[in-house]
Amino acid sequence: MQRRDVLLGYYQAMLSANGPRNWWPAKTPFEVCVGAVLTQNTAWKGVEKALSNLEQAGALDPHTIHALSLPELERLIHPAGFFRLKARRLRNLLDYLSASCDFDLGLLADRDMTDVRGELLEVSGIGPETADSILCYALQMPSFVVDAYTRRILSRHGLLPEDADYEETRDFFMDVLDPDPAFLGDFHAQLVGVGNQYCKTRNQLCHTCPLGSFLS
DNA sequence: TTCCGGTCCA
DNA sequence: TGGACGGGAA
């Protein structure tokens, strides 16, 4: 059994159980970028509130949010938690997007993915998961997003060692899967779904999990 | 109390 | 490698 077929089997099982996920709902690619920072180690619920606050303030517009004072930005994103930290990280990302493409994300999307990824990772506060989320969901580039759920599921299934790092886990998928942004994006979304509904930290629910039959 | 759609720094 | 950052929901 080739790794590609194993992964496709996992994907099919999750897709059959859940259907395609409505992952990363956002009106604009720019909103995805903002949400990607806000959701760092944070439940999506709070991110929704923060995004809603920003929208009320007209600050889902790149130039408007970029012109906000730090305290004002902190106030608006407060419900997402880590608000002082994230206000600074958001600022850093906005500085980058302004300098690199003047907020014309299409320009980034037309460039080499590895180059753009490297630049995103240079931004303080943008780690690999946030960078890949921006690449995949905002720029529609074929980058696979790895998160804690992904690694937990793979290690519990004996597909990767528990201590596999981010890049190794990402390559595990990207080396064998078709570079289709919509597919890679939904694959990640399915894993997150299984991760927080079944493959929990404590109470794993393998008996009812869509991936339960793959356990050896 | 735990956990979340992480990352940086000492 | 461990701690800090933080609100909100279960």
Side-chain angles (χ1 to χ4, degrees), chain A residues 11 14 18 20-54 70-96 117-141 143-156 161-170 173 181-205:
Chain A
Y11 178 67
M14 294 188 288
N18 300 325
R21 312 271 304 173
N22 181 27
W23 193 244
W24 223 299
K27 293 194 184 71
T28 64
F30 179 73
E31 185 180 333
V32 175
C33 298
V34 174
V37 170
L38 294 180
T39 198
Q40 291 173 352
N41 198 39
T42 298
W44 185 252
K45 196 71 182 176
V47 178
E48 283 183 326
K49 288 201 189 96
L51 288 171
S52 166
N53 287 347
L54 289 169
L70 224 36
E72 180 64 359
L73 186 54
E74 291 173 358
R75 187 180 69 75
L76 292 169
I77 68 174
H78 191 264
F82 300 130
F83 55 91
R84 280 179 284 266
L85 184 64
K86 286 175 180 173
R88 279 180 274 122
R89 291 181 174 179
L90 225 29
R91 233 349 147 59
N92 296 339
L93 177 60
L94 295 171
D95 288 344
Y96 166 71
R117 187 171 193 266
E119 292 176 6
L120 284 169
L121 291 175
E122 293 284 308
V123 178
S124 178
I126 307 298
E129 182 174 344
T130 306
D132 288 327
S133 295
I134 291 171
L135 291 173
C136 184
Y137 299 109
L139 303 181
Q140 303 290 309
M141 294 169 103
S143 196
F144 188 82
V145 179
V146 171
D147 70 339
Y149 293 133
T150 308
R151 293 150 93 168
R152 192 154 76 214
I153 293 168
L154 291 192
S155 69
R156 284 181 177 173
E162 205 170 344
D163 60 353
D165 68 15
Y166 187 97
E167 299 299 328
E168 181 181 359
T169 308
R170 179 173 181 260
F173 289 86
F183 167 60
L184 296 180
D186 192 55
F187 202 146
H188 166 70
Q190 298 287 355
L191 288 169
V192 172
V194 164
N196 67 29
Q197 293 171 58
Y198 302 97
C199 206
K200 303 163 182 280
T201 342
R202 297 238 190 331
N203 291 326
Q204 309 79 304
L205 307 172

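The sequence lines fix the lettering, A, B, ..., with proteins before strands; numbering per chain opens at 1.
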Handout entry: Nucleotide of C/dG7, B/dT2, B/dG6 approaching A/Arg202 most closely (side-chain heavy atoms)
Key = B/dT2

Problem - Closest to side chain of A/Lys49, choosing from B/dC4, C/dG7, C/dG8 - result: C/dG8

Handout entry: Flag side-chain contact, heavy atom, 4.5 Å: A/Ile126 against A/Arg89
Key = no

Practice task
Side-chain contact test, heavy atoms from C-beta onward, threshold under 4.5 Å: evaluate it for A/Phe173 versus A/Leu184 and give yes or no.
Solution key: no

Atom-to-atom span, [atom1] of [X] to [atom2] of [N] - whole angstrom:
X: A/Lys200; N: B/dC4; atom1: NZ; atom2: C1'; answer: 12 Å
X: A/Leu90; N: C/dG6; atom1: CG; atom2: P; answer: 13 Å
X: A/Gln197; N: B/dC3; atom1: CD; atom2: P; answer: 18 Å
X: A/Glu48; N: C/dG7; atom1: CD; atom2: C1'; answer: 15 Å
X: A/Ile134; N: B/dT7; atom1: CD1; atom2: C1'; answer: 13 Å
X: A/Leu85; N: B/dG6; atom1: CG; atom2: P; answer: 13 Å
X: A/Leu93; N: B/dG6; atom1: CG; atom2: C1'; answer: 14 Å
X: A/Leu120; N: B/dG6; atom1: CG; atom2: C1'; answer: 15 Å

Under 3.5 Å, which N/O atoms of the protein pair with N/O atoms of nucleotides 8-10 of chain B?
unit_1 : atom_1 : unit_2   : atom_2 : d
B/dC8  : OP1    : A/Gly125 : N      : 2.8

Problem - DNA chain B contacts made by residues 31-46 of chain A, counting heavy atoms under 4.0 Å - result: A/Thr39, A/Gln40, A/Asn41, A/Thr42, A/Ala43, A/Trp44

Practice task
Measure from the side-chain N and O atoms of A/Ser155 to the backbone N and O of A/Arg152, and report whether any donor-acceptor pair falls under 3.5 Å.
Solution key: yes

Exercise for the section: Check for a donor-acceptor pair, side chain of A/Lys86 on one end and backbone N or O of A/Ala80 on the other, with a separation under 3.5 Å. Expected result: yes

Exercise for the section: Taking ring-ring contact (aromatic ring centres under 6.0 Å, His included) as the test, write out the residues that go with A/Phe83, two or more places apart. Expected result: A/His78

Handout entry: Test ring-ring contact (aromatic ring centres under 6.0 Å, His included) applied to A/Tyr96 - qualifying residues, sequence neighbours left out
Key = none

Practice task
Would you please name every residue forming a side-chain hydrogen bond (donor to acceptor under 3.5 Å, both in side chains) with A/Thr150, sequence neighbours left out?
Solution key: A/Asp147

Practice task
Just call it for A/Phe82: base, sugar-phosphate, or nothing, with non-hydrogen atoms closer than 4.0 Å on any strand.
Solution key: base

Exercise for the section: Check every strand shown and say whether A/His78 touches a base, only sugar-phosphate, or nothing at a heavy-atom separation below 4.0 Å. Expected result: sugar-phosphate

Practice task
Run the numbers on A/Leu120 and A/Asp132 for side chain to side chain contact (heavy atoms under 4.5 Å, CB included), then give the verdict.
Solution key: CA-CA 9 Å; A/Leu120 284 169; A/Asp132 288 327; over 6 Å; no

Handout entry: Carboxylate-amine/guanidinium contact A/Arg117 A/Glu167, below 4.0 Å
Key = yes

Problem - Whole-Å P distance, C/dG3 and B/dT2 - result: 14 Å

Handout entry: Span that lies between the P atom of C/dG8 and that of B/dT7, in whole angstrom
Key = 23 Å

Completion exercise
A/Glu168 meets the salt bridge (charged side-chain N to carboxylate O under 4.0 Å, His left out) criterion, sequence neighbours left out, with none

Exercise for the section: With DNA chain B as reference, determine whether A/Tyr166 or A/Thr201 sits nearer its 5' end, using the nearest nucleotide of each. Expected result: A/Thr201

